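To start, the structure under review is shown below, and the notes come after it.
When reading the values below, keep in mind they use all heavy atoms of this one structure, side chains included, and skip hydrogens, waters and symmetry mates. Since we're looking at a predicted model, the values are computed, not measured. In each ligand, atom 1 is the first atom listed, and ligand 1 is the first ligand listed.
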Amino acid sequence: MPSDKYVLVTGGAGYIGSHTVLELVKAGYKPVVVDNLCNSSEEAVRRVGELTDSKIPFFKTDLRDKEGLDAVFKEYSIESVLHFAGLKAVGESTKIPLEYYDSNVSGTIVLLKTMQKYNTPNFVFSSSATVYGDATRFENMIPIPEECPTGPTSPYGHTKLIIEEILGDAAAADSNLKVAILRYFNPIGAHPSGRIGEDPQGIPNNLLPFVAQVAVGRRQKLQIFGNDYESKDGTPIRDYIHVVDLAKGHLAAMAKLDSVTGQDGQGYFREWNLGTGNGSTVFEIVHAFEKATGVKIPLEVVGRRKGDVVNLTAKADRAHNELHWQTQLTIEDACRDLWKWTTENPWGYGGKPE
Ligand code: NAD
Ligand code: UDP
């Protein structure tokens, strides 16, 4: 239930964070955004304010800046933290792992210590399906349940798992702390207004942002990373989830944390997958995009991308049963909304580079 207190959204200028800030305001919550803008634009927060007819407090602060973060907690009475901020590119993390550990892990520790100082109880963490690694190394682990043993395969994935473990230890030691770990599968799409969406810097790593840039003429053709996997058409399977559904999952997690208390001197800690429960291949996604937009995507099949696994499909029952949340939007909805965002903002939040 929304209260008079504030919800701190770290990384709230980013892709998933900005969509979640919008849903928070719509549901009556009062968000405060902290973001160092290393991968985003303040314009996203301004637009969320415009869409909701509200002024969202924004601080351009790095999470590792202890004094800067303290000032935010001092000014606003914060009840819950939604922690999106972090570096997220798998490939980049293999090149600059220490930056990833520093920003993701050190940033989270500063945040947790500040929360402890101000007695902030609720913490929702943006984790990832990547913590599971290749779930096909076990029998009967597709779709992937939360009980699947973890085994990330990149520095990025390691930071996510280490943060989960830190949060587990912190909750075990602090009866005031309640933690929801949300393991996202593949977020796609944009807000249906076309005003906010994903604005990747440089060459997009992810499939749909790349497809959209091909469709809008920013890039020549899509490269399909391998068609020799064990799937119906040889391309890998992912569980693609509309970003608005994903955003709403955070409100469901906050409601859950409101309804529970720690026990035996310990806080509360639980993980939930946020996915649809359905897998799609790369070709299926490309065809869905072509159907939703009427644009043909030129493509070529190239070799496998290092680190890709054949199937990441969520078992979504736990979130359904315990958070009373499930996805409502389809891949077609996501493609349509992505297309509106891309055609109305072909260069994202900024202008066309010179
Ligand atoms: P994003 O890059 O759009 O958003 C992250 C935001 O955090 C950015 O606005 C960035 O400027 C900010 N940030 C990064 N480091 C910071 C720091 N040290 N201090 C303050 N701000 C900082 O990414 P996103 O796709 O919105 O992802 C949000 C979260 O969800 C991330 O933690 C990511 O790892 C996780 N996640 C994303 C996906 C995905 O496919 N997009 C999948 C699983 C998990
Ligand atoms: N993919 C692709 N071409 C691209 C980007 C991605 O073929 O330009 C494939 C990739 O191999 C994977 C799927 O699309 O099978 C989803 O990749 P993405 O990077 O979007 O998400 P991931 O699941 O790797 O986090």
Side-chain angles (χ1 to χ4, degrees), residues 9-20 33-42 44-45 59-65 68-69 82-91 93 99-100 102-108 110-111 125-131 154 156-157 159-160 163 182-188 196-201 203-211 213-214 219 221-227 229 231 234-241 243 246-247 250 274-275 279-286 297 299-313:
V9 185
T10 77
Y15 172 45
I16 307 168
S18 58
H19 287 81
T20 307
V33 172
V34 166
D35 197 304
N36 68 2
L37 301 182
C38 71
N39 194 38
S40 55
S41 160
E42 192 180 341
V45 182
F59 294 84
K60 182 174 184 290
T61 304
D62 192 289
L63 281 187
R64 291 159 291 182
D65 170 5
L69 198 59
L82 304 187
H83 180 33
F84 296 94
L87 303 176
K88 64 159 185 176
V90 173
S93 78
E99 275 308 308
Y100 271 69
D102 193 26
S103 187
N104 295 4
V105 182
S106 309
T108 304
V110 173
L111 178 60
F125 177 55
S126 301
S127 190
S128 167
T130 199
V131 298
S154 71
Y156 165 69
T159 68
K160 289 288 165 192
I163 294 168
L182 302 181
R183 293 177 176 158
Y184 310 158
F185 281 65
N186 286 55
I188 57 167
I196 57 169
E198 189 169 10
D199 182 15
Q201 317 287 304
I203 302 169
N205 292 306
N206 294 113
L207 177 62
L208 268 161
F210 200 103
V211 167
Q213 290 196 3
V214 172
R219 310 207 175 265
K221 62 181 164 192
L222 171 71
Q223 294 192 322
I224 304 264
F225 298 140
N227 64 353
Y229 287 91
S231 71
T235 60
I237 301 162
R238 296 288 180 274
D239 184 335
Y240 295 92
I241 170 173
V243 65
L246 184 64
H250 295 75
L274 294 187
S280 308
T281 66
V282 177
F283 281 129
E284 283 173 331
I285 289 293
V286 174
I297 302 296
L299 51 84
E300 66 174 331
V301 175
V302 297
R304 289 184 176 198
R305 181 171 68 176
K306 200 165 162 258
D308 274 351
V309 300
V310 57
N311 193 334
L312 282 174
T313 303

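Annotation: atom 22 (C) of ligand 1 to nearest protein heavy atom, Asn36 OD1, 3.1 Å. Here the protein heavy atom with the shortest distance to atom 3 (N) of ligand 2 is Gln223 O, 2.7 Å. Nearest protein neighbour of atom 7 (O) of ligand 1, counting heavy atoms only, is Ala85 CA, 3.3 Å. The protein heavy atom nearest to atom 18 (P) of ligand 2 is Asn206 ND2, 3.4 Å. Looking from atom 40 (O) of ligand 1 to the surrounding protein, the closest heavy atom is Pro187 CD, 3.3 Å. Ranking the protein heavy atoms by distance from atom 21 (O) of ligand 2 puts Asn186 ND2, 3.1 Å first. Here the protein heavy atom with the shortest distance to atom 24 (O) of ligand 2 is Arg305 NH2, 2.9 Å. For atom 23 (O) of ligand 2, the nearest protein heavy atom (residue, atom name, distance) is Arg238 NE, 2.6 Å. Atom 27 (O) of ligand 1 has its closest protein heavy atom at Ile16 CD1, 3.7 Å. Nearest to atom 19 (N) of ligand 1 among the protein's heavy atoms is Leu63 N, 3.0 Å. Looking from atom 25 (O) of ligand 1 to the surrounding protein, the closest heavy atom is Lys88 NZ, 2.8 Å.
For atom 5 (C) of ligand 1, the nearest non-hydrogen atom from the set Pro200, Gly86, Ser128, Gly17 belongs to Gly86. Taking each of Phe185, Phe125, Phe84 in turn, the one with a heavy atom nearest to atom 29 (C) of ligand 1 proves to be Phe84. Closest to atom 8 (C) of ligand 1 by heavy atom, among Asp35, Thr10, Val33, is Asp35. Relative to atom 4 (C) of ligand 2, the option among Phe283, Phe210, Phe225 with the closest non-hydrogen atom is Phe225. Nearest to atom 12 (C) of ligand 2 by heavy-atom distance, out of Asp308, Ile188, Val211, Leu312, is Asp308.
The closest side-chain heavy-atom distance from Ile237 to Thr313 is below 4.5 Å. Within the 4.5 Å cutoff, no side-chain heavy atoms of Phe210 are placed close to those of Gln223. A 4.5 Å side-chain heavy-atom check between Arg64 and Ser103 finds at least one atom pair inside the cut-off. Residues Pro200 and Gln213 have side chains in contact (heavy-atom distance under 4.5 Å, counting atoms from C-beta outward). Side chains of Leu207 and Leu222 form a contact here, defined as non-hydrogen atoms less than 4.5 Å apart. Inter-residue side-chain proximity for Tyr15 and Leu246 is flagged as unmet; no heavy-atom pair is nearer than 4.5 Å. Within the 4.5 Å cutoff, no side-chain heavy atoms of Val45 are placed close to those of Ser40.
A donor-acceptor distance shorter than 3.5 angstrom exists from the side chain of Tyr100 to the backbone of Ala89, with no hydrogens or angles considered. At distances below 3.5 Å, not a single donor-acceptor pair connects side-chain atoms of Ser127 with backbone N or O atoms of Leu182. Remark: the backbone N or O of Tyr156 is not paired with any side-chain donor or acceptor of Lys88 at under 3.5 angstrom. Panel note: side chain Thr61, backbone Val34; no donor-acceptor pair is recorded below 3.5 Å. Although no hydrogens or angles enter the test, the distance criterion places no donor-acceptor pair under 3.5 Å between the side chain of Asp239 and the main chain of Ile241. At distances below 3.5 Å, at least one donor-acceptor pair connects side-chain atoms of Asp35 with backbone N or O atoms of Leu37. Under the 3.5 Å distance criterion, the side-chain polar atoms of Asn36 are left unmatched by any main-chain donor or acceptor of Leu63.
Near Ser103, the atoms of ligand 1 lying under 4.0 angstrom from a non-hydrogen atom of the residue are 15 (N), 16 (C), 17 (C), 18 (N). With ligand atoms numbered from 1 in the order given, ligand 2 contributes 15 (O) to contacts under 4.0 Å with heavy atoms of Pro236. Against a heavy-atom cut-off of under 4.0 Å, Cys38 is close to the following atoms of ligand 1: 10 (C), 11 (O), 13 (N), 14 (C), 15 (N). Interface atoms of ligand 1 facing Ser127, defined by a heavy-atom separation under 4.0 Å, are 43 (C), 44 (C). Taking every non-hydrogen atom of Gly11 and a distance limit under 4.0 Å, the qualifying atoms of ligand 1 come out as 6 (C), 7 (O). Set against the non-hydrogen atoms of Tyr156, the atoms of ligand 1 under 4.0 Å away are 33 (C), 34 (O), 35 (C), 36 (N), 44 (C). Near Ile224, the atoms of ligand 2 lying under 4.0 angstrom from a non-hydrogen atom of the residue are 7 (O). Ligand 1 places these atoms under 4.0 Å from at least one heavy atom of Leu37: 11 (O). Under a 4.0 Å criterion applied to the non-hydrogen atoms of Asn39, ligand 1 contributes the atoms 1 (P), 2 (O), 10 (C), 11 (O).
At least one heavy atom of Tyr240 sits closer than 4.0 Å to an atom of ligand 2. For Gly107, the closest heavy-atom approach to ligand 1 does not fall below 4.0 Å. Proximity of Asn186 to ligand 1 is not established, as no heavy-atom distance is less than 4.0 Å.
In Ala129, neither the side chain nor the backbone holds a heavy atom less than 4.0 Å from any atom of ligand 1. Contact annotation for Arg304 and ligand 2: no heavy atom of the residue comes within less than 4.0 Å of the ligand. Proximity of Arg64 to ligand 1, defined as any heavy-atom pair under 4.0 Å, is confined to the side chain (atoms from C-beta onward). Only side-chain heavy atoms of Val282 come within less than 4.0 Å of ligand 2; its backbone N, CA, C and O stay farther off. With a 4.0 Å cut-off on non-hydrogen atoms, Asn205 touches ligand 2 through its backbone and not its side chain. Neither the backbone nor the side chain of Glu198 comes within 4.0 Å of ligand 1, counting heavy atoms alone. Contacts with ligand 1 closer than 4.0 Å are made by no heavy atom of Thr130, backbone or side chain. Contacts between Leu222 and ligand 2 below 4.0 angstrom, taking non-hydrogen atoms only, involve the side chain exclusively. When heavy-atom distances to ligand 1 are checked against a 4.0 Å cut-off, Thr61 comes that close only through its backbone atoms N, CA, C and O. Neither the backbone nor the side chain of Tyr229 has any atom closer than 4.0 Å to an atom of ligand 2 (non-hydrogen atoms only).
Checking only distances, Lys160 does come within under 3.5 Å of ligand 1, N or O to N or O. When only interatomic distances are considered, the shortest N/O to N/O separation between Leu207 and ligand 2 falls below 3.5 Å. For ligand 1, the polar-atom distance check finds no N/O of Asn206 at less than 3.5 Å from any of the ligand's N/O atoms.
Atom OG of Ser106 and atom CD1 of Ile163 lie 9.0 Å apart (nearest 0.5 Å). The CZ atom of Arg183 sits 11.5 Å away from the OG1 atom of Thr130 when rounded to the nearest 0.5 Å. To the nearest 0.5 angstrom, Thr108 atom OG1 is 5.5 Å from Phe125 atom CZ.
Aromatic ring pairs are classed by plane angle as parallel below 30°, tilted from 30° to 60° and perpendicular above 60°; the pair His250 and Tyr184 is perpendicular.
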Point to revise | side-chain hydrogen bond (donor to acceptor under 3.5 Å, both in side chains) assessment of Asp199 paired with Ser41 | key: CA-CA 9 Å; Asp199 182 15; Ser41 160; 5.9 Å; no
